[in-house]
Amino acid sequence: MIQLTTATAIEKAINKARTVKPRVRVNCFGSYSVTNKTTGATYTVTCEKRNGVRLAHCDCKAGMRGQACYHVAAAAHIQLAADKQAAH
Ligand SMILES: [Zn+2]
């Protein structure tokens, strides 16, 4: 599990996501398929909130080690945008 505590914690991953520009597809609430358009590799990212802490999980190598990968950053970005919209 990757803890999404602050934006800076996943800043590097966000920057990578901006470079790679993966395709993010929403499977269902809190579950995303992130595809690298160059390699065609697809990973599944799941997000959940536990005790007010936002947690994410990705099934890529880095994600399995608990590192914030760009798949999580891309999915989290989509979810944060959705949260902002819901707040309006
Ligand atoms: Zn990943």
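Ligands are counted one by one from 1 in listed order, and the atoms in each one are counted from 1 as well.
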Nearest heavy atoms of Ile2 and Gln67, plus distance in Å: CD1-O, 3.1 Å
Nearest heavy atoms of Asn27 and Tyr32, plus distance in Å: ND2-C, 3.5 Å
Separation between CZ of Arg23 and OG1 of Thr42, rounded to the nearest 0.5 Å: 8.0 Å
Listed protein N/O/S atoms, distance to the Zn ion (ligand 1) under 2.8 Å: Cys58 SG, Cys60 SG, Cys69 SG, His71 ND1
Closest approach of Val34 to His71 (non-hydrogen atoms, all atoms of both residues): CG2-O, 3.7 Å
Pairwise side-chain contact, Arg25 with Thr35, heavy-atom cut-off 4.5 Å (strictly under): no
Gap between atom OG1 of Thr19 and atom OH of Tyr70 - 0.5 Å precision: 10.5 Å
